[in-house]
**Student:** 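The structure is given below, and queries will be raised subsequently.
In listed order, ligands and their atoms are each counted from 1. Sequence positions, counted from 1, serve as the residue numbers for this chain.
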Amino acid sequence: MEKNIETKCVQAGYTPKNGEPRQIPIIQSTTFKYDNSEFMGKLFDLEESGYFYSRLQNPTCDAVAEKICRMEGGEAAVLTGSGQAANFYAIFNICEAGDHFIASSSIYGGTYNLFGVTMKKMGIECTFVDQTLPKEELAKFFRPNTKCLFGETLTNPNVNVLDFEKFASLAHEHGVPFIVDNTFATPINCRPFEFGADIVVHSTTKYMDGHAATIGGVIVDSGNFDWMAHKDKYPGLCTPDESYHGIIYAERFGRKAYITKAVAQLMRDLGSVQSPQNAFYLNLGLESLHVRMPKHCENALKVAKYLRDHEKIAWVKYPGLETDPEHAMAMKYMPNGTTGVLCFGIKGDREDAEKFMDNLKLAFIETHVSDSHTCLLHPASHTHRQMSDEQLKAAGVAPDLIRFSCGLENAEDIIADLEQALALI
Ligand SMILES: *Cc1c(COP(=O)(O)O)cnc(C)c1O
């Protein structure tokens, strides 16, 4: 019987045999030894499965990838060195120069830059769309060379909720996979495959690690997208790969084709693997993810309610708030809670916002989000500081937006800190 998510957090991916270590061993080895040359040759032809070099696969990393795969309800998964690498490989695995894809414009700034600037230099074009447009409007952005549709479950930093049903049906009606970055919700609160997503990516740096200790990412494939039914669009999966004696991934590996190709080609050629040591830390975080997420959400809801009712606060965005315009959609896809991140604006100008932030004592100003320590960031003064107010608005970031990530401290202490900082402006 399929176990519940809490059990998967603790146990999936690794089961020790008689006398073996209880905790996942860190296999700190670049390479693996074989008794004869023939077996080694078969590994290189992808005819045998086994480890030969940690740039492609490593047992510690595979066990942790398998755990996340099971938590998401997927078919296969691979860890990457960062969330950025996960997003890049997820797209690059099915797109090449001359191809096009569509992404929501309301996504993490790093991903926006990767898609809009760096991938453009590789000849891959991304159209950014307003994810709240009606389906008929969004359909107009598809072209014959469009290869996938991308969005975030809960957008960073705006915490907007993605309408999975709309996006999944759009993608599938155009014969392309729907890729979701599920970082902010985690599989504890949302499992996008249940709502039609084909591929899920995460920055494991955030809640999955959860302690601001290690950078990492993961790509999980549901195995549901039928590449062979769209053969002309995905030559990388559906025509022979000469670097492996003409193997056709979609034929040979079926539902595992996409991840096998990502490992055998992208990891081989580009690297960006997660180290076994980091995978070990990530696994420690995963073991308590189901205990931590409800607490992050509980704290965020309390903070959101406090801020909503405060006279010096101009606005609050938190989809967990009953008064939030996206609350109903959040309940549909995330009935048990959304995330620990929220946004708000304080009345006044950039200077007031800076003064307020400098007054905080418990919440720290950091680039990070989504770990055990409460932290905050003001994009207009930090990550997006080179932009004018007009440019910020065009990028979908309000000039007064403060991104606030609720940690695992006591909610009353977090609120008391906000209270004293607001009293001083
Ligand atoms: C942080 C983040 C990323 C990038 O992940 P890194 O691990 O920092 O490379 C991608 N997507 C989202 C939603 C993020 O929050």
**Student:** Under a 4.0 Å N-O cut-off, is there an ion pair linking Lys295 with Glu409?
**Tutor:**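 Looking at Glu409 together with Lys295, the answer is no, because their closest N to O distance does not fall below 4.0 Å.
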
**Student:** Between Tyr14 and Gln23, is there a side-chain donor-acceptor contact under 3.5 Å, judged purely by atom types and distance?
**Tutor:**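 No donor-acceptor contact under 3.5 Å links the two side chains.
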
**Student:** What atoms in ligand 1 come closer than 4.0 Å to a heavy atom of Gln84?
**Tutor:**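 Under 4.0 Å from Gln84, ligand 1 has these atoms: 4 (C), 5 (O), 6 (P), 9 (O).
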
**Student:** Among side-chain atoms of Asn158 and Lys317, is any donor-acceptor pair under 3.5 angstrom?
**Tutor:**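 Checked: Asn158/Lys317 side chains show no N/O donor-acceptor pair below 3.5 Å.
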
**Student:** Sort out for me which residue in Phe101, Phe178, Phe115 forms a ring pair (Phe, Tyr, Trp, His ring centres under 6.0 Å) with Phe150.
**Tutor:**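 Among Phe101, Phe178, Phe115, the one that satisfies the ring pair (Phe, Tyr, Trp, His ring centres under 6.0 Å) with Phe150 is Phe115.
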
**Student:** Closest non-hydrogen protein atom to atom 4 (C) of ligand 1, residue and atom name please, with distance?
**Tutor:**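 For this ligand atom, the closest protein heavy atom is Tyr108 CE2, 3.4 Å.
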
**Student:** State plainly whether the residues Asp417 and Lys361 are in salt-bridge range, i.e. N to O under 4.0 Å.
**Tutor:**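 Looking at Lys361 together with Asp417, the answer is no, because their closest N to O distance does not fall below 4.0 Å.
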
**Student:** If you measure every N/O of Asp181 against every N/O of ligand 1, is any gap under 3.5 Å?
**Tutor:**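 Between Asp181 and ligand 1 (N or O atoms, distance only) the closest approach is under 3.5 Å.
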
**Student:** Taking only heavy atoms of Gly216 into account, list the atoms of ligand 1 that are under 4.0 Å away from them.
**Tutor:**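 In order of numbering, the contacting atoms are 7 (O).
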
**Student:** Using salt bridge (charged side-chain N to carboxylate O under 4.0 Å, His left out), reason through Arg191 and Glu72 one step at a time and then give a plain yes or no.
**Tutor:** CA-CA 6 Å; Arg191 287 178 294 280; Glu72 285 286 6; over 6 Å; no

**Student:** For residues 54-93, which residue pairs pass the ring-ring contact (aromatic ring centres under 6.0 Å, His included) check, not counting sequence neighbours?
**Tutor:**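 Passing the test, one end in residues 54-93: Phe88-Phe92.
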
**Student:** What protein heavy atom is closest to atom 2 (C) of ligand 1, reported as residue, atom name and distance in Å?
**Tutor:**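 Heavy-atom neighbour on the protein nearest atom 2 (C) of ligand 1: Lys206 NZ, 2.5 Å.
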
**Student:** Does an N or O anywhere in Gly83 fall below 3.5 Å from an N or O of ligand 1?
**Tutor:**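 By distance alone, the answer is yes.
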
**Student:** Below the 3.5 angstrom mark, is there an N/O of Glu152, backbone or side chain, next to an N/O of ligand 1?
**Tutor:**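 Min N/O separation from ligand 1 is not below 3.5 Å for Glu152.
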
**Student:** Could you tell me if any non-hydrogen atom of Ala85 lies under 4.0 Å from any atom of ligand 1?
**Tutor:**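 No; Ala85 lies far enough from ligand 1 that no heavy-atom distance drops under 4.0 Å.
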
**Student:** Which of the atoms of ligand 1 are close to Thr205, meaning less than 4.0 Å from one of its heavy atoms?
**Tutor:**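 So the atoms of ligand 1 that pass are 6 (P), 7 (O).
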
**Student:** Which part of Thr204 is near ligand 1, with near meaning a heavy atom under 4.0 Å away: side chain, backbone, both or neither?
**Tutor:**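 It is neither; nothing of Thr204 touches ligand 1.
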
**Student:** What protein heavy atom sits nearest atom 8 (O) of ligand 1, and how far off is it?
**Tutor:**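 For this ligand atom, the closest protein heavy atom is Ser203 OG, 4.1 Å.
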
**Student:** If you apply the rule side-chain hydrogen bond (donor to acceptor under 3.5 Å, both in side chains), what do you find for Tyr51 with Asp62, and how did you get there?
**Tutor:** CA-CA 10 Å; Tyr51 296 98; Asp62 277 5; 2.8 Å; yes

